[in-house]
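Structure first, commentary second.
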Amino acid sequence: MKTRIVSPIVLAAAVAIGVSGCNFISPQATTYRYDASDGVSGNTGSLAIRNAIFIAGEDEGVFNLIFSVVNTSDRDEKLNVQLEFEGEKFNRSTTLAPGLTRLGGPDEEKIVFEGVDLALGSIALTYFQTGDESGTQLNVPVLDGELQDYKPFVLPEGFVPDENLGGTPTEAPETNPAPTN
């Protein structure tokens with residue numbers, strides 16, 4: 001009689017432990033943040049930089065930095081972007097309204113770097129900084145328009161950045177943004 005009562009309880013406990021055992025041994029993968037695309041992401045102050053990628057233009061040495069930024073503050077924030085290439089620093093900046101801003105698309109503001117010879121498939125050390133924050137360094141991948149999804153981001157031959165599109169060259173900050181990883 002006792003065996004009939006104990007057996008189903010033991011069986012139920014064994015099944016429960018067996019099916020939930022994976023969480024005891026290995027961590028749950030969905031709790032880890034990762035970049036699901038080709039780009040990289042990071043944060044600086046109230047700005048969340050997402051999916052940053054350099055796309056080579058048709059002209060040699062011209063690169064379009066494409067990414068999205070979420071400004072979580074309730075005011076405009078100035079974003080400083082600094083590309084370090086062969087010991088030289090190239091600086092750009094733009095002002096971002098609260099909310100989501102996409103940069104680099106066909107009808108979007110562009111942050112363009114000219115006069116750099118980034119190798120396709122490499123990574124480019126790029127600093128993102130805002131306000132008094134120390135900033136963050138990201139290893140931004142360098143791609144071209146070979147993939148269909150990136151063709152709209154390739155700058156045409158002879159592209160001249162329009163001053164109205166922002167991303168204008170700026171003087172180097174008094175102190176270089178310190179990377180935080």
Side-chain angles (χ1 to χ4, degrees), residues 32-59 61-85 88-116 118 122-145 147 149-156 158-181:
Y32 294 106
R33 190 194 75 73
Y34 68 97
D35 295 310
S37 184
D38 294 325
V40 294
S41 302
N43 299 316
T44 178
S46 62
L47 302 180
I49 291 98
R50 297 294 178 256
N51 202 28
I53 306 171
F54 280 104
I55 302 293
E58 289 180 359
D59 286 333
V62 176
F63 293 87
N64 183 15
L65 178 59
I66 63 169
F67 61 104
S68 296
V69 182
V70 178
N71 178 355
T72 59
S73 75
D74 58 356
R75 64 186 184 287
D76 289 356
E77 294 282 348
K78 182 178 179 183
L79 174 65
N80 299 305
V81 180
Q82 183 180 78
L83 169 64
E84 189 172 331
F85 177 72
E88 194 171 347
K89 294 178 178 163
F90 298 84
N91 297 288
R92 303 289 184 266
S93 68
T94 189
T95 302
L96 303 164
L100 174 67
T101 303
R102 289 187 170 95
L103 299 158
D107 298 322
E108 298 164 344
E109 179 179 348
K110 291 169 183 42
I111 295 183
V112 178
F113 289 89
E114 301 170 278
V116 292
L118 302 173
S122 69
I123 57 170
L125 293 178
T126 309
Y127 296 94
F128 295 85
Q129 186 268 337
T130 186
D132 295 334
E133 298 294 322
S134 61
T136 188
Q137 174 186 339
L138 298 177
N139 295 320
V140 180
V142 180
L143 304 173
D144 62 8
L147 293 174
D149 290 341
Y150 295 136
K151 284 191 188 305
F153 304 104
V154 174
L155 299 176
F159 177 83
V160 177
D162 182 353
E163 291 180 12
N164 297 326
L165 292 177
T168 55
T170 60
E171 293 297 319
E174 289 181 23
T175 59
N176 291 330
T180 57
N181 291 331

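Summarising the geometry, atom CD1 belonging to Ile66 is positioned 4.5 Å from atom CD1 belonging to Ile53; distances are rounded to the nearest 0.5 Å. We find the CG-CD1 distance between Leu96 and Ile49 to be 9.0 Å, quoted to the nearest 0.5 Å. Within the model, atoms CD1 of Ile55 and CG of Leu143 stand 5.0 Å from one another, a figure rounded to the nearest 0.5 Å. From Ile111, atom CD1 reaches atom CZ of Phe63 across 16.0 Å, with rounding to the nearest 0.5 Å. Interatomic distance, Glu108 CD to Phe153 CZ, rounded to the nearest 0.5 Å: 7.0 Å.
Not one N or O on the side chain of Lys89 forms a donor-acceptor pair closer than 3.5 Å with the backbone of Glu84. With hydrogens and angles ignored, the 3.5 Å screen pairs a side-chain donor or acceptor of Ser41 with a backbone N or O of Asn51.
Each of Val69, Val81, Asn43 was scored for a side-chain contact (heavy atoms from CB on, under 4.5 Å) with Phe128, with one residue passing: Val81.
Under the side-chain hydrogen bond (donor to acceptor under 3.5 Å, both in side chains) criterion, Asn71 pairs with Ser73, not counting sequence neighbours. Qualifying side-chain contact (heavy atoms from CB on, under 4.5 Å) partners for Leu125, counting only residues two or more places apart in sequence or in other chains: Gln137, Asn139. Under the rule for a side-chain hydrogen bond (donor to acceptor under 3.5 Å, both in side chains), the partners of Thr130 that lie at least two apart in sequence or sit in another chain are Glu77. For Val40, the side-chain contact (heavy atoms from CB on, under 4.5 Å) test picks out Asp35, Ala52, Leu138, Val140, Pro141, with sequence neighbours left out.
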Please tabulate, for side-chain N and O atoms in residues 97-105, each donor-acceptor pair with protein atoms closer than 3.5 Å (sequence neighbours left out).
none

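Considering every non-hydrogen atom in both Gln129 and Thr44, the closest pair reads CA-OG1, 3.8 Å. Nearest heavy atoms, Val142 versus Ala124: CG2-CB, 4.2 Å.
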**Request:** Please assess Asn91 against Asn80 for the test side chain to side chain contact (heavy atoms under 4.5 Å, CB included), listing each intermediate value before the final yes or no.
**Result:** CA-CA 7 Å; Asn91 297 288; Asn80 299 305; over 6 Å; no
inquiry  = side chain to side chain contact (heavy atoms under 4.5 Å, CB included), that's the test. Do Phe159 and Asn64 meet it? Break it down for me.
reply    = CA-CA 11 Å; Phe159 177 83; Asn64 183 15; over 6 Å; no
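Screening residues 90-116 for ring-ring contact (aromatic ring centres under 6.0 Å, His included) gives Phe54-Phe113 as the qualifying pairs, with residues at least two apart or on separate chains.
Looking at Leu155 and Lys110, their side chains come closer than 4.5 Å, going by heavy atoms from C-beta outward.
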